[in-house]
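Read the structure below first, then the notes.
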Amino acid sequence: MQLSPLQSRLVASMIASCLVIVLYLFLFAPQFAFAADLAQIPNILDQDDTFYDIDDATESFDVRGSSYEPDFSLFDRSIIGRVSDGTTPLDADNPIKNNIDPGITIAYVFEKASVAGRSVREPDTLHELRRRSNGTQEFAEDDEDGESSSDLDLVQRQTPSKTLYISVNTCNQPSRISPDQTTMDPPQLTLFVSTSSENTSPGPGNNRDTQKTIVFDEGAVIYNISLDRDVYFSISAPQVSEKYFANTSPYNYEVAVSLDGYYHSYDSEAQPNLYWVDSDASSSLLTTRNLTSHSEEVISTPPYTVFVQNTANLDINGIRKSYCGLSSWAQIRPLQNGDSQATMGLRQGGAANLTMQEFYITGLNSSANYTGIVALNTSLSLQKRQESGSGGGVVVYSGVDFSTKPNGACTFIFNLTVCTETRYAVPGNSEKFPNGTALAAFYDNYTQTMWDNFDKVLQQTPCEAPPTQRYSLVRDCEDCKQAYKNWLCSVAIPRCEDFSSPDQDYLQMRNINAKFPNGSLVDQSIRDNFGEMKAYSASRNVEIDKEIQPGPYKEVLPCDYLCYELVKSCPASIGFSCPMPKSKFGFNTSYAVPDKNKELSCNYPGSAYYPSAATVVAIPWVGMAALIIVPLLLVS
Ligand SMILES: *[C@@H]1O[C@H](CO)[C@@H](O)[C@H](O)[C@H]1NC(C)=O
Ligand SMILES: *[C@@H]1O[C@H](CO)[C@@H](O)[C@H](O)[C@H]1NC(C)=O
Ligand SMILES: *[C@@H]1O[C@H](CO)[C@@H](O)[C@H](O)[C@H]1NC(C)=O
Ligand SMILES: *[C@@H]1O[C@H](CO)[C@@H](O)[C@H](O)[C@H]1NC(C)=O
Ligand SMILES: *[C@@H]1O[C@H](CO)[C@@H](O)[C@H](O)[C@H]1NC(C)=O
Ligand SMILES: *[C@@H]1O[C@H](CO)[C@@H](O)[C@H](O)[C@H]1NC(C)=O
Ligand SMILES: *[C@@H]1O[C@H](CO)[C@@H](O)[C@H](O)[C@H]1NC(C)=O
Ligand SMILES: *[C@@H]1O[C@H](CO)[C@@H](O)[C@H](O)[C@H]1NC(C)=O
C-alpha cells in the first residue's frame with residue numbers, strides 16, 4: 001500500500017510514540033504501581049494502627065538467634081510502613097502510632113520521588129514553622145497574614161528542603177514488675193537508617209556499613225538525613241527480660257517524618273523554660289519564662305502543657321523526653337476529661353509587664369520531691385487554622401526539680417490586689433485560716449491599709465510641681481510609689497520557709513517562743529540564745545503574730561536593694577532609711593544581700609528559684625553609709 005507523505009509521517013510518529021511508551025513502561029513502571037497503591041494509604045493510616053500487617057511484619061524474629069541471617073529475607077516483602085508518597089505530600093507531617101513487641105523490627109521507607117512530586121505540585125506552599133532553633137518563641141501565634149518576626153523563617157522554608165527529619169517517641173514501654181527502685185529501666189527502642197538499596201530493611205544484625213544505628217534516649221530519637229535517594233528506616237524493639245518486665249504490655253511508639261524539621265523534639269540546650277516559684281505542703285506554683293518581649297503583645301491561649309512526677313515514682317523513667325509517653329504516664333497530666341491537678345493560666349506582670357504561663361499544682365504530698373516538665377504541642381493549636389494539615393509538632397523541655405514543704409506554718413498565697421506580684425508561701429495557720437484564699441485576704445487587707453496611709457503622706461509632697469520644685473530631678477512620685485510597693489510587699493508579706501529548713505544567711509528565724517501547731521516548742525538551746533531578741537521572738541509585722549499566730553517559722557529576708565531603692569526614689573521628707581550593712585541586728589535580721597550563685601537568696605516581688613540569674617540592682621556602698629535604720633518601725 002502506498003502511503004501519502006502525511007500518512008507516512010503519522011505512522012512514523014505513532015511507531016516512535018509506541019517505542020517511547022514501551023521504553024517508559026520498561027524503565028519506570030514500578031513507580032506508577034507505587035503511586036497507585038499508595039494513594040489510599042494516608043486515609044488508612046489516619047484511622048488506626050491496623051494498617052500494619054503485624055503478623056506478616058513480625059514473623060518470629062529473634063535478634064540474638066543464630067537463625068537470624070536466613071530469616072532476614074522475610075523483610076524484603078515486609079516494608080510495610082509507607083510514610084509518604086508523591087501524591088499526598090502533606091503526609092510527611094502525619095505522625096503514626098504503632099505497637100511493637102519486644103524483639104520485633106518494623107521497617108519504613110520514604111521515597112525521594114515523593115518530595116519532587118511535592119514541590120512541583122505546590123510550588124508556593126508555605127510549610128508551617130514549627131520550631132525555631134534559636135530557642136525563642138515556638139508556637140506560631142503570628143497573625144494569619146504572617147506579619148510577625150517569623151516571616152523570615154517562613155520564607156526560608158519556601159525553597160523545597162532536601163533533608164528528611166525522622167523523629168520517634170516511645171509512648172508505652174514494658175512496665176516493671178517490681179516497684180523496687182534499684183531495678184533497671186526498660187531498655188530503649190532503636191532506630192536503624194539506611195540509604196543503601198542493598199539494605200532496604202535496616203535492622204539489628206545487618207551490615208553496619210550500610211546502616212546507621214541510633215538508640216533512643218529517654219524515649220525519643222531524632223535523625224536527619226539528606227534526601228538524595230530513598231531513605232529506609234526501621235524501629236526495633238529489644239528483647240526484654242520477663243524477670244523484670246511485664247511482657248503483656250508491648251512497646252508503642254509514634255513515628256513522624258518531615259521535610260521542615262523534627263515533628264518530635266526535645267529541647268535541652270535552650271534556656272530552661274519552667275521555673276519553680278514556691279510550694280507549701282500540698283501545692284506548688286511553676287511558671288514559664290517570659291513568653292512575650294513587649295507588653296503590648298497578646299497571647300490568648302496558654303501554649304504549654306505541664307507534667308509533674310513524684311521523683312519516687314519510676315513510671316516515666318525511660319520516656320522523659322517523649323511527649324506521648326509523658327501524656328499517658330506522668331502522675332500529674334492533663335486528663336481526657338479536661339481535669340488535671342494542674343491549673344494553668346496566663347499572667348501578665350513583672351517589671352516589664354510581660355506575659356508568662358503559670359501552673360498551680362495541687363494535691364501534692366508534703367515533704368516530697370517532684371519534677372515538672374513543660375511541653376509544647378503545636379500540632380493541636382495549628383490544627384484549627386490549617387486546612388492543609390501540614391505543620392505542627394511537639395517539643396519537650398528539660399525538667400525543673402522542686403519540693404514541697406512539711407506540714408507546718410507556710411501556706412501558699414497568690415492573687416492579691418495591692419501586691420499583685422506576691423505569689424509565695426507566707427506564715428499561716430491552718431486552723432484559723434483553713435485555705436490560702438482566707439489567708440490572702442488577711443495580707444491583702446493589711447497591705448491595702450499600709451498602702452492607703454502611704455498614699456496620704458505622698459499626696460503632701462509636690463509631685464506635680466515643675467522640675468525645679470520637685471524633691472529630685474531624676475525620680476518622681478511614680479518611682480517612689482513603685483519603690484514603696486516593691487518594698488512593702490516584700491517586707492509586710494514575709495516569704496516563709498519551714499522552721500526545719502537548714503540555716504542560711506538569708507533565712508531569719510521568727511516567732512521562736514511560740515508553739516508549733518502540734519504543741520511542741522523550738523529547741524531549748526535556740527530559745528535560750530535568741531529568745532530575748534525581738535527579731536527572733538516575733539514576726540516582722542506584729543499583726544501576723546496577733547491575727548495569724550503561725551508558730552515558729554523562717555523568713556526569706558527581703559533583698560537589701562528594695563530598701564535602697566525606696567530611699568533613693570522617695571522624698572527625704574517622708575523619712576525612709578535603711579540599716580547599715582555593718583549594724584549587727586539591724587541589717588542581718590532585716591535584709592539579705594542578693595547572691596547570684598544561689599537560686600534564691602532574698603525575697604523580692606516575683607521571686608522564684610531562677611537558676612542564679614536574679615537581676616540585681618547594684619548600689620554603691622558609699623552612698624549608703626549615712627543611712628540609719630528603722631525597717632521594723634515602718635511596718636508595724
Ligand atoms: C542533622 O544531623 C547532623 C548530624 O547527624 C547534626 O549535626 C545536625 O545538627 C542535624 N541538623 C538538625 C537540623 O538537627
Ligand atoms: C522576664 O522579663 C523581665 C523584664 O525584661 C526580666 O527582668 C526577667 O528576668 C524575665 N524573666 C525570665 C524568667 O526570663
Ligand atoms: C503521695 O504519696 C503516696 C504514698 O506514698 C503515693 O502513693 C502517691 O502517689 C503520692 N502522690 C503524689 C502526687 O506524689
Ligand atoms: C483572684 O481574685 C479575684 C477577686 O479578687 C477573683 O475573682 C478571682 O477568681 C481570683 N483568681 C483566682 C485564680 O483565684
Ligand atoms: C476558705 O475558708 C473560708 C473560711 O475561712 C471559707 O469560707 C471558704 O469557703 C474557703 N474556701 C475554699 C475554696 O475552700
Ligand atoms: C483590715 O485591716 C484593718 C486594720 O489593719 C482592720 O481594722 C480590719 O478589721 C481588717 N479587715 C478585715 C476584713 O480583716
Ligand atoms: C511538732 O512539729 C515540729 C515542727 O513541725 C516538729 O519538729 C516536731 O518534731 C513535732 N513534734 C512532735 C512531737 O510531733
Ligand atoms: C551579717 O551576715 C553576714 C553574712 O552572713 C556576715 O558576714 C556578717 O558577719 C554578719 N554581721 C553581723 C554583724 O553579724
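For the single chain, residues carry numbers from 1 onward in sequence order. Bear in mind that the values here come from a model prediction, so they are computed numbers and not experimental data. Start at 1 and go down the list; that is how both ligands and their atoms are numbered.
- Proximity of Gly408 to ligand 7 is not established, as no heavy-atom distance is less than 4.0 Å.
- Heavy atoms from other residues, nucleotides or ligands lying under 6.0 Å from CD of Glu242 number 12 at most.
- Under the side chain to side chain donor-acceptor pair (under 3.5 Å) rule, Lys405 has a single partner from Asp280, Asp278, Asp498, which is Asp278.
- For the atom pair CD1 of Ile332 and CZ of Phe359, the computed distance is 12.5 Å after rounding to the nearest 0.5 Å.
- One N or O on the side chain of Thr447 and one on the backbone of Asp444 form a donor-acceptor pair closer than 3.5 Å.
- No side-chain heavy atom of Arg347 sits less than 4.5 Å from a side-chain heavy atom of Thr287.
- In the candidate list Ala351, Ala352, Gly606, Ala352 is nearest to atom 5 (O) of ligand 2, counting heavy atoms.
- Checked by distance only, ligand 7 and Asn407 stay at 3.5 Å or farther apart across all their nitrogen or oxygen atoms.
- Residue-ligand proximity, Tyr275 to ligand 2, at heavy-atom distances under 4.0 Å covers atoms 13 (C).
- Residues Tyr360 and Phe412 bring their aromatic ring centres within 6.0 Å.
- Between Thr288, Asn290, Leu354, it is Asn290 that holds the heavy atom closest to atom 1 (C) of ligand 2.
- Checking side-chain atoms of Glu218 against main-chain N and O of Lys321 turns up no donor-acceptor pair under 3.5 Å.
- For atom 14 (O) of ligand 7, a protein heavy-atom neighbour is found at a distance under 4.0 Å.
- Atom 11 (N) of ligand 7 has Asn518 ND2, 2.9 Å as its closest protein atom, hydrogens excluded (heavy atom only).
- Here is the list of ligand 3 atoms found below 4.0 Å of a heavy atom in Tyr370: 12 (C), 13 (C), 14 (O).
- Between the Gln348 side chain and the Thr355 main chain, no donor and acceptor come within less than 3.5 Å of each other.
- Put simply, atom 7 (O) of ligand 7 has no protein non-hydrogen atoms near it, under 4.0 Å away.
- For atom 9 (O) of ligand 3, the closest non-hydrogen atom of the protein is Gln331 NE2, 3.0 Å.
- Residue nearest to atom 2 (O) of ligand 3, selected from Thr362, Asn365, Leu364: Asn365 (by heavy-atom distance).
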